Each structure stands twice: as C-alpha cells, then as structure tokens.
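As structure tokens, the structure follows; a few thoughts come after it.
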2 protein chains.
Amino acid sequence: MDTHSRQMAQLEEQCRQAGKKLTPIRQQVLQLMLQHPQPQSAYEILQAYQSRYNPKAQPMTVYRALNFLEEIDAVHRLASTRQYVVCDHLGREHTHHGFTQFLLCDRCGGLQEVEMEQAVWQKLLAEAAIYHFTPNASAIEIHGVCGQCQNPA
Amino acid sequence: MDTHSRQMAQLEEQCRQAGKKLTPIRQQVLQLMLQHPQPQSAYEILQAYQSRYNPKAQPMTVYRALNFLEEIDAVHRLASTRQYVVCDHLGREHTHHGFTQFLLCDRCGGLQEVEMEQAVWQKLLAEAAIYHFTPNASAIEIHGVCGQCQNPA
DNA sequence: GAAAAAATGTTATGTTATAACATTATTTTG
DNA sequence: CAAAATAATGTTATAACATAACATTTTTTC
Ligand SMILES: [Zn+2]
Ligand SMILES: [Zn+2]
Ligand SMILES: [Zn+2]
Ligand SMILES: [Zn+2]
C-alpha cells in the first residue's frame, strides 16, 4: 500500500470516528493536496480542482471541503500565510499531542511540522498562565529559512 | 508627561535612530492607534483616519504608514488576525530582546504582549535547529481566552 | 414515502493587500 | 541657488482571501 493510499485510508477512518461523511468532493480535495506537499492557498487548490475535476467549481466548494478536512484534523490551515497543508500525521501511526510547531521557510515556501517538546509547551503554558491566559489553539508558526535553502547542495 | 506623549516622543526617537522621517501621516496613524489599545485591522484604522483627519484618505495611505511604523518597531502586525497594534514597549524603558509571545483573546479581541523567557525561546531555537531551520521572525501568536474573559467580575 | 438533516450549487459581497504610475515635497549636490 | 535625485504621498485599479445568504439536491431517519 503506497503512502497516498494509506493517507486516504486514514482520512476515511477519521471521518468514521468523527461520524462525518467522506464525500467525493472532500476526498478529491485531499487527493489534490496529497499530490502537492507544499502548503497551498485555497485559491490555488481551487484552480487545481477546476483543472482536474470540475471547471465550474466555486470558491465555496473548496473552502467547505478545507474547513471540513481541518475539523477532522486531516489538514492544517497556516494562519500566517493563509495556506493549507496535509497534516504530517495523516497515514502514520502517531497523532497530535500537545503543541505543534510549524517551521515555514520564507525562501522556498516549504513547511516542516514538528511536535513540540512537552517541556517547551509546558513552559509556554506556564508563562501564559501568569497572565491568567488559557490557550486553546495548540500550534505556533515560526518563519525562517530551512536547511535546504541555507545549504543548497 | 502623559503616556501618549511619552510614546510619541519615543516614536520620534526611533525614527531619528533609524534615519527616517516622522511625517504628519505617520504620526497621525500612531496617534489613532494609541487611542485604541485593542488590535485593529488596517481598514478600521483607515476609517478612523478618514473620520478624524481626511475623509478622502485611501487604503494605501494607511498601509504605508503601518508598514513604516512596523519597520521601526513602533507597532506590530499580528499575522493570524491581520491586525495592527502599538508595541507594548513604546514609551517604556526596555525594548525587544529575544522572542515575543502574543496572547490573543478570542473572546474580547484583546492582546497581551509578553517577553518570552529566554530559556523557552532557546529551546524553541534548539528544536528548530534539529531540522536545520533558522528562524528569522521572533514572535509567536497564541490564541485563547484571557483572564478577564474567563473570570468576569 | 414524507420529513428532516446534510451537502452542494450559485450568486453576491465583504475584507485584506498591493501594483502601477502621477504628483508633490524634501534633500543633495554642483 | 537651481538642477537632479530621493522620498513621500495621491490616485486608480485590481489581486487575493473569505463568507453570507439562499436555492437545490442528496442522504438519512422515522
Ligand atoms: Zn498535524
Ligand atoms: Zn526552504
Ligand atoms: Zn513589541
Ligand atoms: Zn478576553
């Protein structure tokens, strides 16, 4: 079983667990995203969808699918760049625990999804608690330059 | 000397240090922001500018001023909400060192700007370094609920 | 099979941000 | 000082991102 099939299988599983339906549109949108590991904007995904599945598709179609996929934790939305990307955990064994660090490369547009060390996010929580602040989102986005772009072979 | 005056004075100082000019528009935009401690969108600031200074002002006018003020570290742009806010350090003695944590309340829209503990951001950097990633931005945004909104008196 | 719920289609609009070029103001320099 | 260069602002247009509102279709429930 190849990687994409495994990811699709887990998408089905996550839908089942959430009691939601995996409709063709939703599956197609994820399919397109799987073929494009770099984060993409909703309108880029819309263009791909129009090319491949339905030239008459409208923004709402893609936004609905993306919102759905995000709800069931199959994809993430990157707030700082307004892009969407498949969750790195999809099709693997482990799942999200604690905080996530998104490392966004400003040169190549690439993304690395990293599980934050527990000690670190506990400190972040502790620091927030000083101000009686309770985080509900569990991800931070850090911009910079990735290894590839710093040391081009 | 009241708080706003102190902040304005430091704005002048930071312009001088950066070798940039503090023009009326730039000063007026900061003035408006000082009167509104909550983060605001560029278009909200534009509306205020139109009401108070020039009904014919266009988006570019405000965006240019905001970009300038951000360059000289007088204001911050919050990537996740696309809002602008005066830097908490303006008019105080200390300045930015290391990383900043923005605590954004999803209920009231309020913001707390926090200096991240050195131990924490060093760990963040170390974790990024594992992936040969070099951060260049130095702020993270954490969404949640602030103390006020959790414990309404 | 009728009623309710979920998903999709469709049109319109709201929101955020920049491109491109003209004009004006300020600074530099000969 | 006057010409040239630079910086700032004015102005128009448009790109890019996202949702509201309502109609229609599909699926589920009873
Ligand atoms: Zn993930
Ligand atoms: Zn890169
Ligand atoms: Zn600040
Ligand atoms: Zn609050």
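First the proteins, then the strands, lettered A, B, ... as listed; each starts at 1. The shown structure was predicted, so the numbers you read here are calculated from the model rather than taken from an experiment.
- Contacts of residues 35-44 of chain A with DNA chain D (heavy atom under 4.0 Å): A:S41, A:Y43.
- Every side chain to side chain contact (heavy atoms under 4.5 Å, CB included) that A:T134 has, sequence neighbours left out, goes to B:Q150.
- Hydrophobic cluster membership differs between B:V75 and B:L111, with clusters built from Ile, Leu, Val, Met, Phe, Trp and Tyr side chains linked at under 4.5 angstrom.
- For the pair A:L11 and A:L69, the minimum side-chain heavy-atom distance is below 4.5 Å.
- The aromatic rings of A:H76 and A:H96 lie parallel to each other, with less than 30° between the two planes, well short of the 60° mark.
- Taking the screw axis at each terminus of the helix from C:dG1-D:dC30 to C:dG30-D:dC1 from five consecutive base pairs, the angle between the two is 30° to within rounding of 10 degrees.
- Between B:L46 atom CG and C:dG14 atom C1' the separation is 15 Å, expressed in whole Å.
- Listed by residue number, there are no residues of residues 25-33 of chain B with a heavy-atom contact under 4.0 Å to DNA chain C.
- Partners of A:H97 according to the side chain to side chain contact (heavy atoms under 4.5 Å, CB included) rule, which considers only residues two or more places apart in sequence or in another chain, are A:T95, A:E115.
- B:V145 places none of its side-chain heavy atoms less than 4.5 Å from the side chain of B:D106.
- Other residues, nucleotides and ligands place more than 12 heavy atoms under 6.0 Å from the CZ atom of A:R6.
- A:R16 is not listed as a side-chain neighbour of A:K21, based on a closest heavy-atom distance of 4.5 Å or more.
- Screening residues 5-51 of chain B for ring pair (Phe, Tyr, Trp, His ring centres under 6.0 Å) gives B:Y49-B:Y53 as the qualifying pairs, with residues at least two apart or on separate chains.
- Listed by first then second residue, pairs satisfying ring pair (Phe, Tyr, Trp, His ring centres under 6.0 Å) with a partner in residues 121-145 of chain A read A:F99-A:W121, not counting sequence neighbours.
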> Is there a side chain to side chain contact (heavy atoms under 4.5 Å, CB included) between A:I72 and A:C15 once you walk through the steps?
Replying inline: CA-CA 7 Å; A:I72 64 166; A:C15 286; 3.6 Å; yes
>> Between A:R52 and A:Q47, is the side-chain hydrogen bond (donor to acceptor under 3.5 Å, both in side chains) condition met? List the steps.
In response: CA-CA 9 Å; A:R52 170 120 173 235; A:Q47 278 203 315; over 6 Å; no
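- Residues passing the side chain to side chain contact (heavy atoms under 4.5 Å, CB included) test with B:E141, sequence neighbours excluded: B:L78, B:A79, B:S80, B:F102, B:L104.
- Residues from residues 7-24 of chain A that place a heavy atom under 4.0 Å from any atom of DNA chain C, listed by number: A:K21, A:T23.
- Counting only residues at least two apart or on different chains, the salt bridge (charged side-chain N to carboxylate O under 4.0 Å, His left out) pairs with a member in residues 62-87 of chain A are A:K20-A:E71.
- For residues 51-84 of chain A, proximity to DNA chain D is found at A:M60, A:Y63, A:R64, A:R77, A:R82, defined as any non-hydrogen atom under 4.0 angstrom from a strand atom.
- Remark: A:Q101 pairs with A:L103, A:V114, A:M116, A:I140, A:I142, B:L124, B:E127 by the side chain to side chain contact (heavy atoms under 4.5 Å, CB included) rule, at least two apart or across chains.
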